[in-house]
Structure formats: C-alpha cells, structure tokens
Amino acid sequence: MNRTVLDLWVGLFVIAGIGALLFLALKVGSMSTVKAGSSYDVVARFDNIGGLKPRAPVKSAGVVVGRVADIRFDNETYEAAVTLRIDKRYAFPKDSSAAIMTSGLLGEQYIGLEAGGDEHKLEDKDRITLTQSAVVLENLIGQFIYGKAQEGAPQ
Amino acid sequence: MPRRWIEGLGRRTIEGVWRIGFAARFFGVMLLHSGTAFQRLGLTIREMYFSGVLSLTIILVSGLFVGMVLGLQGYDTLQRFGSESALGTLVALSLVRELGPVLAGLMFASRAGSAITAEIGLMKATEQLSAMEMMAVDPIARVVAPRFWAGVISMPLLAALFSAMGILGGYLVGVRLIGVDEGTFWSQMQGSVDFTQDILNGVVKSVVFGVAITTIALFEGYDAPPTAEGVSGATTRTVVTSSLVVLALDFVLTAFMFRGTN
Amino acid sequence: MQHDTLVEIRDVVFGYGARPVLKGVNLTARRGQVVAIMGSSGCGKTTLLRLIGGQVRPRQGSVRVAGESVGELDRAGLYRLRRKMGMLFQFGALFTDMPVFDNVAFQLREHTDLPEDVIRDLVLMKLDAVGLRGAAELMPSELSGGMARRVALARAIALDPMLVMYDEPFAGLDPISLGVTGNLIRRLTDTLGLTSLLVTHDVQESLKIVDYVYFVSDGIIVAEGTADEIRASTLPYVHQFVHGESDGPVPFHYPAPTYAEDLRLGAQRA
C-alpha cells in the first residue's frame, strides 16, 4: 500500500481514538474529581450514614459541589466521620448543615448541604456540626407500624 | 503408569518455567531495542495501520452491538425497580470500566494478535529473520519492537472507540428506541462516571492489555517452530493465552483500582 | 599468503546440544574463488555457513573471515563484519511484505544515508545484474522460485560484499533456472571480485562453475580438490556422490550409526 495512504489512515485512526477519549471525558464523565489544592475538606459526623459510599456527590441546592472523600467510624463517639471534599469555588457559611439524602425512593445516596447564615466561611479541616442522618427505611416502617398500633390501642 | 504421568507433569512444568523465562527475557530485550521504533516512526506507524486501523471494523461494530444489548437488557432489569433513569449510568460504567477494555482486548487478541504471531512465525519459518540478521539488521529492533509499540498505542484508542460506540449504541436503544428521557440519560451518566476513577482507570487497563497481548503475540511468533504446524499452533496459542491473560489481568487490576469504592 | 585467504576454518568442532555436527573441519577459501561445500543432506554444510556468518559459535577451533575471528567478535563487531558478507538463503528469504525494489534497497536504507535517487540507481544496477530490472515493482509472492533466488542474490550483493554465501542455491529449480543461477554466481564472482561459498548437493551443476570443492561427510572433510580432480576421483564416496549411484560401499555404512544414535536419543527423550 502507498505510504501516504497508510499514514492518512493511521492519522484518522489516532484522531478518532483521541476523539473517543475526549467524548468519554467530556460527555460521559464529569471532570469532577476535584484536584488537590483546588478543594477543601470538612468533616461531618452522622449517627447513621445508611448506604452512603465514598465518592458519592455532595450537592447544594441540587448542584454537585464536591464528593465524599472518606468515611470512617469514630470509636469514641460511635459516629460515622464523613470527610467531604468541596470545590474551592464554593464557600459555605460555618453553620451550614449536612444531611444524607436519597435520590428517589431507592436511588443512590448523597449529601445535601444547606447553607446557614454565619458570616464566617467553612475552611479546610473544619467540622460541620449540624447534621441529619440517613433515613433508614426499616426504622421508618417500624415507626409507622408503632404509630398505627398506638392509634388503634384502646384509650 | 503413575510414574510416567508424574514425569510428564514435571517435564511440562519445567518447560513452562523455561518459556516464561524466555518470554521475560524477550520482553526485556524488546524494550532495550525500542530506540529504532521511535527514531524511525514510519515503521511504527506502518504497524499501527495493521494492528490498529485494520481492527477498527470489528471494534466499532461489536462495540455498537454490545452497547445496544446493554441498553435493552439494562432497561429491562432497571424498569423492574423503577430506575430506568439509571440506564445511562449502567451503560457507561459497564463499558468504560470493564467491557470496553476487556472486549476490545479480546477482539484485538484475535484480530491483531493472531496476525502478528502468524506474520512473525512465517518470517521466521521462511528465514526472513535470519536473513535480516545476516544483513546486520537486528530483527528485534527492526521487526519486533515497532509492532510492540504500535500495539501498545493502538489498544487504548481501540478501547476508547469501543466504549464510545457502546455508549452510542446504548443511547440509540435506550433513548431513541425505548424512550428513556434524553436529559436524564446523559446527566445521570455524567453524575456518576468519574474521570480519574472510571475513565482513566479504563485507559490504564487497556494499555496494560495492549502490552500483554502484543508481547504474547510477538513472543509466540518469535518462538514458533519454523514449520506450518508450528506457526498455526503458535497462532492458536496466542489467542488462547492472551485472552486468558486479559481476563486474569482484568480481575487483578479491578481489584486494585476499585477497591474501597462501590 | 594471509591477504589472499578470505575464509579460513581450522579444526572446528560444533554440535547442537549433545549431537555433534562438525568434528574437526578445515577449510580455506581464497579471494575471487567459487568454493563449493558438498555432502548429503544433514551433514553439517549449512552449519558451516552459520559459523562463518557468526550465527553460531564454534566449540573448538577458529573461524576467521578477512583476518577476524568470527567466534570471538562482540555483537557490534559481528554486525560490522556482516555488512561485508552477503547470504543467499535456501528459498531466497525475501521480505514478503515489501516489493522487489525495497528488498534490494533494504540494506542500503538500513546502513547508509544515501539519498533516495542514488539508492534507486544502485538497486536498478543490482537488479539489472541478475536480469530482473523489469520486476522491480513486483511483490515476492508474484515471483517464480528461480526469480526469487535471483532477487535474493541481488539483495545479497547490494552493499558490494567481499563474501557471498549460498545455501542450496540450486534446490528446487527447473533446468533453465538452474543454468541461469549457476552462470550468475560465476559471473558475479568474477566481475564484482567477490568470493563465493556455495553449499549444495547438486554436483553436476556446481562442478561446472566452482574452483574448489570440499566434501563433508559425518562432520569431517572426506575429500577436496578442484572440479577436475573431483570428477576424476576414485574415492568410493566421492565417486558415488558425483555419479549419483544409489549403491555404494561407503555411504551404506555411514547412515547406520547415526540412525542408531538417533534411536537411542529418541528413547531417552520419550
């Protein structure tokens, strides 16, 4: 085969391959792994994190502002210590609250950040004190049945 | 006779270890003599045509079909839980993390790997490699190394194309045919596919597969007995060995890469 | 005369694994000669060429080409020496993925920085010398056996070597190609000032063109001489070989021990 034709084909192949990689990077994935240096970590403690996993999104007003970097069990307080890695572009007041939410009834769990009113902003290694644990379906059902039983009980 | 049998087992083990040793040495020599493959880029580009461009058809077509099947099956399963919205996530994650690199690797092994083994084996059987050596040209540098690097460069590109085609196939079936909401499909995908965690790890996988497949193919060809049966046996071994190695490596790499995440 | 001798093999012993192939061979080729090494199949003729080309090293004895001891050269030295050697393999061993022109140009492109138009002239010259200038654009698969061998010859002389080795140049050729190839070897040796070393079992064709003949049998030189001496030889082995008689006294004894040895080897391996 002619050398230039061959070069042309290989050139097209490489362009297509890199195009596919770009498609994957831009259209399929989100360049959301916030790079070190452009993010800050805050810790939030929860009584129960339900099915929260590392890398779950951290959303505020429905917008992804960061990711769950780490989940640990604190053996002194018996709480889950969740490290949130938040993009530097987004600053939150110190008294913001974190809640574990579920997208849909059975969907993936994420952390919702609710902005507070403090003038000071959260900084690296800060703690979010106001937290709301995951809604555990079993507990919910248990409460519901208990409530029904109470209602129906003879006065 | 049990003694015979044990002797046979012992001999085969020893031969196997010898071969692994030879292959490792071959790999080292190939890396050492890789200078030519980069100094004379034309050689490598030529081989990229044979291993990369000529594998395009099978990669693109199979990628499209795998994606379409994923769309159908994924939708069928997800809709039972009312989670059709996760179809994009399912299709993209399975392709980018696993199916893209692995299936593209298997296709590459059977399309390009077997061709490399047959070509090198025939060059050996017809004394072309000896002739080259007698002309004071090192066949490892001139013939083997360019094919190696061409394979290593082609493989991630092919895997990316496979994944991209697959996602397109999943989109066609899921959104166009079944009617999953287009916005949900893409946004769910983007929300859960991470660049470094998923896409970059997929690329790393495909590069590792490329190294493994081309090394096996080249070694089998170079080591093939210089006869017709020898070359055909080596070609079969290339496809079998490199397919198994791809699957085994995939497990090992997955265990390392996605440990600690879901 | 030291500079008159191009290839000098002294007391060379060589074997593959436990099987001895050469058991003390002495051989000399002078510059400008066509020297033939003859013998029945599998007697170690090709191994001799591999020793001279440095593809294998002798266990004992020395192989000297142009004064350099081939067995002791390092890789770079060997490659330097090989540029001055050409080798014609049994079936040509042309590179099947490139046309005839590129095959002949291969060494020029690998080893020199000559501009492409000079390479073109040189290649066409070499191809013309073997009568195949018209076939420059053909692929090796489109050539007949005889043509392939002539192209391989053109490739072997591309860098104007001092020594050209031929491994069975006459095997599998029709009578016309046989004569063409034989004459070509003689003519190129004379016009280009080469030295040719020929390994063959085609007695009649090679006796027409060679200056000196060595007979190898069972790892040693059993006879040597000029073409006329060989033709007139009364040694039973040579006589039988030259005249192609199936019933001769010496060879009948020779295969027996090697066969037995083979059998014993086979028994050990199983």
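Note that the coordinates shown come from a computational prediction; the quantities given were computed from them, not determined experimentally. All chains are named by letter (A, B, ...) in the order of the sequence lines, taking the proteins before the strands, and each is independently numbered beginning at 1.
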- Query: Within a strict 4.5 Å, meaning less than it, do heavy atoms of the Glu110(C) and Arg142(B) side chains meet?
  - Reply: yes
- More than 12 heavy atoms of other groups within 6.0 Å of Phe38(B) CZ: yes
- Query: Between Leu159(C) and chain B, which part of the residue has a heavy atom less than 4.5 Å away: side chain, backbone, both or neither?
  - Reply: neither
- Message: I need the minimum non-hydrogen distance between Ala136(B) and His111(C), along with the two atoms involved.
- Response: O-CE1, 3.1 Å
- Task: Rounded to the nearest 0.5 Å, what's the gap from CG on Leu49(C) to OG on Ser130(B)? Could you check?
- Result: 12.0 Å
- Test item: Arg82(C) and Met135(B) side chains (from C-beta on) under 4.5 Å apart, heavy atoms: no
- Query: Does any heavy atom of chain C fall under 4.5 Å from the side chain of Thr36(B), the backbone, both, or neither of them?
  - Reply: neither
- Item | Atom CZ of Arg109(C): over 12 foreign heavy atoms under 6.0 Å | yes
- Tell me, side chain or backbone of Arg80(C) under 4.5 Å from chain B's heavy atoms, or both, or neither? neither
- Distance from Asn103(C) atom CG to Gln128(B) atom CD, nearest 0.5 Å? 8.0 Å
- CZ of Phe106(C) to CE of Met132(B): how many Å apart, nearest 0.5 Å? 4.0 Å
- Query: Can you name the nearest heavy-atom pair linking Ala93(C) to Glu127(B), along with the distance?
  - Reply: CB-O, 3.5 Å
- Query: Does a sphere of radius 6.0 Å around CZ in Phe251(B) hold more than 12 heavy atoms from other residues, nucleotides or ligands, not counting ones at 6.0 Å or beyond?
  - Reply: no
- Arg25(B) CZ: over 12 foreign heavy atoms closer than 6.0 Å: no
- Message: Is any side-chain heavy atom of Val137(B) closer than 4.5 Å to one of Tyr79(C)?
- Response: no
- Message: I'd like to know whether CZ of Arg120(C) has more than 12 heavy-atom contacts from other residues, nucleotides or ligands below 6.0 angstrom.
- Response: no
- Message: Please rank Arg40(B), Glu119(B), Glu133(B), Met123(B) by heavy-atom pairs under 4.5 Å with chain C and give me the top one.
- Response: Glu133(B)
